[in-house]
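Protein chains get the first letters and strands the later ones, always in sequence-line order, with residue 1 at the start of each.
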Amino acid sequence: MFEGIGILSLTIWVPIVAGIFVLATGGDRNADGQRAIALIGAALGFLVALPLWTGFDASSAAMQFQERAAWIPLFNIHYHLGVDGISMPFVLLNSFTTLLVVLAGWQVIQDKVGQYMAAFLIQSGLLNGVFASLDAVLFYVFFEAMLIPLYLIIGVWGGPNRVYAAIKFFLYTLLGSLLMLVALLYLFFESHGSFDILTWHRVPLALTAQILLFVAFFFAFAVKVPMWPVHTWLPDAHVEAPTGGSVVLAAITLKVGAYGFLRFVLPIVPDASRELAGLMIALSLVAVVYIGLVALVQSDMKKLIAYSSIAHMGFVTLGFFIFEPLGVEGGLIQMISHGFVSGALFLCIGVMYDRVHSRQIADYGGVVNTMPKFAAFFMLFAMANAGLPATSGFVGEFMVILGAVKVNFWYAAAAGLTLIFGAAYTLWMYKRVVFGPVANEKVAELEDLNSREFLVLGLLAVCVLAMGLYPMPVTEVMHASVNNLLDHVAHSKLP
Amino acid sequence: MPDLLPALPEIFVLTLACAVLLVEAYTKNGYWSYALTQLTLLGAAVLTVFTTSADTVYAFNGLFVDDLMGDVLKLMTYLAAIVSVVYSRTYLTDRGMFRGEYFALLLFAVLGMMVMISAAHFLSLYLGLELLSLSLYAMVALQRDSKVATEAAMKYFVLGALASGLLLYGMSLIYGLTGSLHLAEVAATVDFRNQTVLAFGLVFLLAGLGFKLGAAPFHMWVPDIYHGAPTAVTLFLGSVPKLAAFAFVMRLLVDGLHPAVGDWQQMLAVMAVVSLVVGNLAAIVQTNIKRMLAYSTIAHMGFLLLGVLSGSYAGYSAAMFYVVTYVLMSLGAFGMVVYLSRGGFEAERVDDFRGLNATHPWLAAVMAMMMLSMAGLPPFLGFYAKLTVLQALVGAGWLWLAVVAVLMSLIGAYYYLRVVKVMYFDAPHAEPLVPATAAGDVRALLSLNGAAVLLLGILPQPLITLCAYAIQASFR
């Protein structure tokens, strides 16, 4: 390894440097070269992240691969990185997704190729930074900086209504994070001058302060998740974003919000979390049930998957706030699985959109006749989205429901509805798009997957099935960290 | 023989400003004045560096003070003035203003700022302020045949004179209360038994100060003057004097009236909140980028006041860091507007920046960095400026002010993002902007300006520490 540079630093800076390098190679004249450099950068970014998995000690709940250097000593701000079993899988997931996104945008993007690729690479590095930061200011810097590339991705390469969607996305998420900034500063003084997140886990706080902090954090993370009723930016952003943007948004950015609950809210304000758990569970169940119904009536495929994402993320927050190991682990598994499945579904929609230039369900029908290979992949991912056993989608939902039964039967019953709604909206969409007679000339002229698309979807299919059939390796990694986290939640921090 | 050494840079600038006037009379070529101006500013920087010490030295019977905060602010003033002169060269040439008068006035304005920064006495404070203001009035009116510029100058002069009057009245009340014009003596003898006079004096002082800073509700002149003045002059008057204005606030309120901190904190809190609200809300509806930046300046001054009003060393150094950051950003933003204006065409509508990314990606990137930094987004420098101010506020227990400030920054983000949107999301005009071609040095400096905002954002430690150290050394 390079002397003095840790693995986590590499996962952050390799993609960013690659992105800057792509930008430096100039305009669209060098588009092919830029694509190649971007691919190499993304592949390198994934390779440097792999040792995180192989070198991880699953028996320990401590932060691993730690790096610590003074950054702004005057305010006791450090460049402090480290991962535990909760954050490590997301660094890998993110690096993996970046690779897919670069491949997925290979041909589709013909305009400002370099900027497109660079935006995704830089975004990837920043997201790794979010998951790896153990200093609150460092976290905040990555947390907000990642809005900028995504704003540009939606706004430059998005659909017709992209400007509205981009600005709405940006301001909505910024509102949340700004309130969190005040909360972070408050904690700095409460902890006698420290921005260290792990130190904050041990700072005693009065209940009123905890509740106010909870509210501030709630705004930051609930908007990102997104939880009902602050979810309205997501359908807009998804519909207008280019395929790659939707994939990153669904697969990674939403996870940042849920991750924030685990890293900040539960351990820092445990009493407020317990106090307000009922509210959080109610909001989660509303997302699961109501948003599931909303998804049912969508006529735009991307919007449908966007709403389904909200419903699935409702599951995640439900799992977190029942304070059961099964629930939290199930939520985490669901997050990873949703990263694969929703990413794959957006890629599938992208495959069709590239050919027909429509996302309306009504414009399709009988796709299986012209694109059999594609239909098979789409089937797998649709089933995974509906939570079919043996796919990754099932594992997380099942664990959360099991956890919920322990706490309250009715939570589990309401959450179980998602299995019905999920199957209903996903499979109904699938039926209308893929089966039946060939609907129109455009569908008749469709060509099946090319090898690049096959590779991307194939990789994701392997992940979905592997996690569905044998989730042990992933849950094992999380086990110690999740127990440690719940231990924090169980202990009151009231002074 | 009084010790003149602390005032050496001032004497140097004064001498050479007179020389620039003479050079103009003998050569009709603006380049001589231009070169001499740059040399003057560089020379002053060298002299300031050599006369710097961590100790505070008084001169001229206590009229003049040379401390570390003053030295740092002066160095930033020279730097900002040099940069603004480089940025405005082609603009001035195109409009026939590239002449000695402009540079002589600019040097006198810089001299005024230096005196303000080093003032230890109501009289020298006022003297510096008037020298600065009068030079600026003339600079705004320099484009004689322009109706808007003349109107702006007139407005600036009338309102500026009114503000000076208020300030003088406030000073005289404080003098009546304490019997002294020396700031240090005022601080020592300020009398709380006569609360009415003190409050009256403070109100007038702060009203005058609000005018000069451009803080609401005394901000009416800002948008009109920024809009009406030739863009090169806006570049100068919108950035450099803010450093002196900060020093002005510090000298008056911290050096002179620190015992009355409880009184002026309340007043500053009102001014800061009103500035943040008015500045950010009014900027949203602007279509002219100069006016938009003018309103954004008002909001930034609100943030600056938030730092000062927290009343701690942390707050003062946060405010100083904020003002230095603000000057860097506004130089870049106005510099870009100047750079993209060419003969007879002012790139001053937001709409003029349409599709800049398609035609000039690097320029668009620099402008975008300035806008995002002004919006206070990491990893740009502007974020740390806001962070330090908010930290000082929360530390001093002004939690509600911190919440108001971040909510207003959210509104601010909207109009900065609109500029980014126009540059990146919209298609370019049929006739895209063409920056002046023969200005490689300007382009390089703009790039450097952009790089500074990004790199100092990634590694903000040196600048933050410098400001904190300067404040500690000067107000121990």
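Contacts of B/Phe383 with chain A are made by side-chain atoms alone, with heavy-atom separations under 4.5 Å and no backbone atom involved. Using a 4.5 Å cut-off between heavy atoms, A/Phe189 contacts chain B through its side chain alone, with no backbone atom that close. With a threshold of 4.5 angstrom between heavy atoms, A/Ile148 approaches chain B through side-chain atoms but not through N, CA, C or O. Contact annotation for B/Leu372: only side-chain heavy atoms (C-beta onward) come within less than 4.5 Å of a heavy atom of chain A. Contact of A/Ala216 with chain B is not made at all, since no heavy-atom distance falls under 4.5 Å. In this structure, the portions of A/Leu171 lying under 4.5 Å from any heavy atom of chain B include both its backbone and its side chain. Of the atoms belonging to A/Tyr140, heavy atoms from both backbone and side chain fall under 4.5 Å from chain B. If you measure heavy-atom distances from A/Leu175 to chain B, the contacts under 4.5 Å come from both the backbone and the side chain.
Looking at A/Tyr151, its side chain does come within 3.5 Å of a backbone N or O of B/Leu417 through a donor-acceptor pair.
Smallest separation of non-hydrogen atoms from B/Gly457 and A/Trp71: O-CZ2, 4.4 Å. Minimum heavy-atom separation, B/Gly376 to A/Glu144: O-OE1, 4.2 Å. Here the closest non-hydrogen pair linking A/Val182 and B/Ala402 is CG2-O, 4.1 Å. Closest non-hydrogen pair, A/Gln115 versus B/Pro361, comes out as NE2-CB, 3.9 Å. Taking every heavy atom of both residues into account, B/Gln391 and A/Phe195 meet most closely at NE2-CE1, 3.8 Å.
Atom CG of B/Asn357 and atom CG of A/Leu152 lie 8.5 Å apart (nearest 0.5 Å). To the nearest 0.5 Å, atoms CG (A/Leu185) and CG (B/Leu399) are separated by 9.5 Å. The distance from the CD1 atom of A/Ile77 to the CD1 atom of B/Ile464 is 7.0 Å, given to the nearest 0.5 Å.
The closest side-chain heavy-atom distance from A/Leu23 to B/Trp362 is not below 4.5 Å. Residues A/Phe188 and B/Val394 have side chains not in contact (no heavy-atom distance under 4.5 Å, counting atoms from C-beta outward). Annotation: side chain of B/Leu407 is not in contact with side chain of A/Leu178 (no heavy-atom distance under 4.5 Å).
If you tally non-hydrogen atom pairs under 4.5 Å between each of B/Ile411, B/Thr465, B/Ile458, B/Leu393 and chain A, the highest count goes to B/Ile458. Chosen from A/Gly155, A/Ser177, A/Ala145, A/Pro73, the residue pairing most often with chain B at heavy-atom distances under 4.5 Å is A/Gly155. Ranked by non-hydrogen atom pairs under 4.5 Å with chain A, the options B/Lys421, B/Arg418, B/Lys386 are led by B/Lys421.
A 6.0 Å sphere centred on OH of A/Tyr79 holds more than 12 heavy atoms belonging to other residues, nucleotides or ligands. The environment of A/Phe21 atom CZ is sparse: at most 12 non-hydrogen atoms of other residues, nucleotides or ligands sit within 6.0 angstrom.
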